[in-house]
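Note sheet for the following structure.
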Amino acid sequence: MEKEHHYSSKLSWTGNKGEGTAHYRAYDRDHILSVTGKPEIPASSDPSFRGSPQRYNPEELFVASLSSCHMLWYLHLCAVNGVVVTAYTDEAKGVMMETADGGGYFKEVTLYPVVTVTTATMIEKAMALHHDANKMCFIANSCKFPVRHEPKTLLGPA
């Protein structure tokens with residue numbers, strides 16, 4: 001049985017410099033993303049598209065969403081499979097293609113999770129669970145390109 005979940009967010013454009021969108025260079029791409037009861041996210045477009053480099057852009061947030069979703073599923077699967085994770089980092093990278101008409105699409109995203117487990121006997125299972133987490137990730141399941149993984153598992157203190 002499928003269960004439906006609902007999400008909402010608010011976007012407020014803050015880039016009107018007085019002329020609105022009178023011409024391409026007349027406005028900033030800055031905006032604020034918010035969800036009720038949570039900190040605001042200062043956002044803009046990628047600097048390649050006249051955005052502010054100090055603010056998050058949608059492409060960065062998309063790659064971060066894939067990384068976050070994978071980690072959350074991965075930690076859950078480790079917990080229910082007896083794999084004790086004590087640290088997790090990821091430096092995800094995405095490749096976006098810009099088309100001749102100015103549009104574009106993501107060609108791929110690769111996650112590079114580095115996981116620390118407490119015993120050597122957990123390493124093999126820890127590595128295998130990345131595949132399972134990818135199959136469960138809501139965001140990855142919504143993409144029309146492969147989300148790749150190049151994980152590393154380290155042995156840390158118990």
Side-chain angles (χ1 to χ4, degrees), residues 1-15 21 27-117 122-154:
M1 179 172 88
E2 290 187 356
K3 191 158 94 174
E4 196 172 273
H5 298 265
H6 297 265
Y7 302 92
S8 62
S9 64
K10 179 181 175 185
L11 181 145
S12 298
W13 176 49
T14 58
T21 58
Y27 64 96
D28 285 338
R29 278 58 178 169
D30 293 358
H31 54 283
I32 300 293
L33 301 172
S34 61
V35 174
T36 302
K38 298 178 182 180
E40 293 181 338
I41 298 172
S44 190
S45 63
D46 181 291
S48 299
F49 307 106
R50 301 191 50 78
S52 172
Q54 294 83 21
R55 291 171 166 253
Y56 297 100
N57 65 58
E59 297 80 12
E60 292 167 332
L61 295 171
F62 178 66
V63 172
S65 292
L66 283 163
S67 178
S68 178
C69 186
H70 180 85
M71 181 204 67
L72 293 168
W73 268 109
Y74 180 79
L75 295 176
H76 167 77
L77 292 170
C78 285
V80 299
N81 282 280
V83 176
V84 180
V85 174
T86 58
Y88 185 110
T89 60
D90 186 12
E91 294 190 27
K93 298 183 185 327
V95 177
M96 187 187 83
M97 304 300 294
E98 186 178 351
T99 55
D101 65 0
Y105 60 92
F106 268 85
K107 175 180 161 181
E108 67 180 41
V109 170
T110 304
L111 307 181
Y112 296 90
V114 178
V115 177
T116 304
V117 297
M122 296 176 183
I123 292 175
E124 185 177 342
K125 184 67 172 176
M127 292 293 285
L129 288 173
H130 286 286
H131 175 75
D132 297 339
N134 186 57
K135 289 191 331 191
M136 299 302 290
C137 175
F138 309 132
I139 309 296
N141 284 328
S142 301
C143 295
K144 64 178 188 176
F145 59 85
V147 178
R148 304 182 196 295
H149 306 87
E150 294 188 22
K152 292 181 184 171
T153 303
L154 308 174

Classify the ring geometry between H5 and Y7 as parallel (under 30°), tilted (30 to 60°) or perpendicular (over 60°). parallel

F106 and F62 aromatic ring geometry - parallel, tilted or perpendicular at 30°/60° bounds: tilted

What distance separates [X] [atom1] from [Y] [atom2], expressed to the nearest 0.5 Å?
X	Y	atom1	atom2	result
I123	L154	CD1	CG	8.0 Å
H31	N57	NE2	CG	9.0 Å
D132	C78	CG	SG	10.0 Å

Worked check of side chain to side chain contact (heavy atoms under 4.5 Å, CB included) between M71 and D90: CA-CA 9 Å; M71 181 204 67; D90 186 12; over 6 Å; no

Looking only at heavy atoms, what is the nearest atom pair of A92 and V63, with distance? CB-CG1, 3.6 Å

Can you name the nearest heavy-atom pair linking C143 to L66, along with the distance? SG-CD2, 4.0 Å

Test side-chain hydrogen bond (donor to acceptor under 3.5 Å, both in side chains) on H70 and H130; report intermediate values, then the result. CA-CA 8 Å; H70 180 85; H130 286 286; 2.9 Å; yes

Go through R55 and I32 one step at a time and tell me if the side chain to side chain contact (heavy atoms under 4.5 Å, CB included) criterion holds. CA-CA 10 Å; R55 291 171 166 253; I32 300 293; 3.9 Å; yes

Quick test of your reading: applying ring pair (Phe, Tyr, Trp, His ring centres under 6.0 Å), list the pairs with at least one residue in residues 81-105, sequence neighbours left out, ordered by first then second residue. Y74-Y88

How far apart are the C-alpha atoms of L61 and L33, what are their side-chain angles, what is the distance that settles it, and do they pass the side chain to side chain contact (heavy atoms under 4.5 Å, CB included) test? CA-CA 11 Å; L61 295 171; L33 301 172; 3.7 Å; yes

Take atom CD in E98; do more than 12 heavy atoms of anything else shown fall under 6.0 Å from it? yes

Residue pairs, two or more places apart or on separate chains, that pass side chain to side chain donor-acceptor pair (under 3.5 Å) and touch residues 40-52: D30-S44, D46-S48, S52-Q54

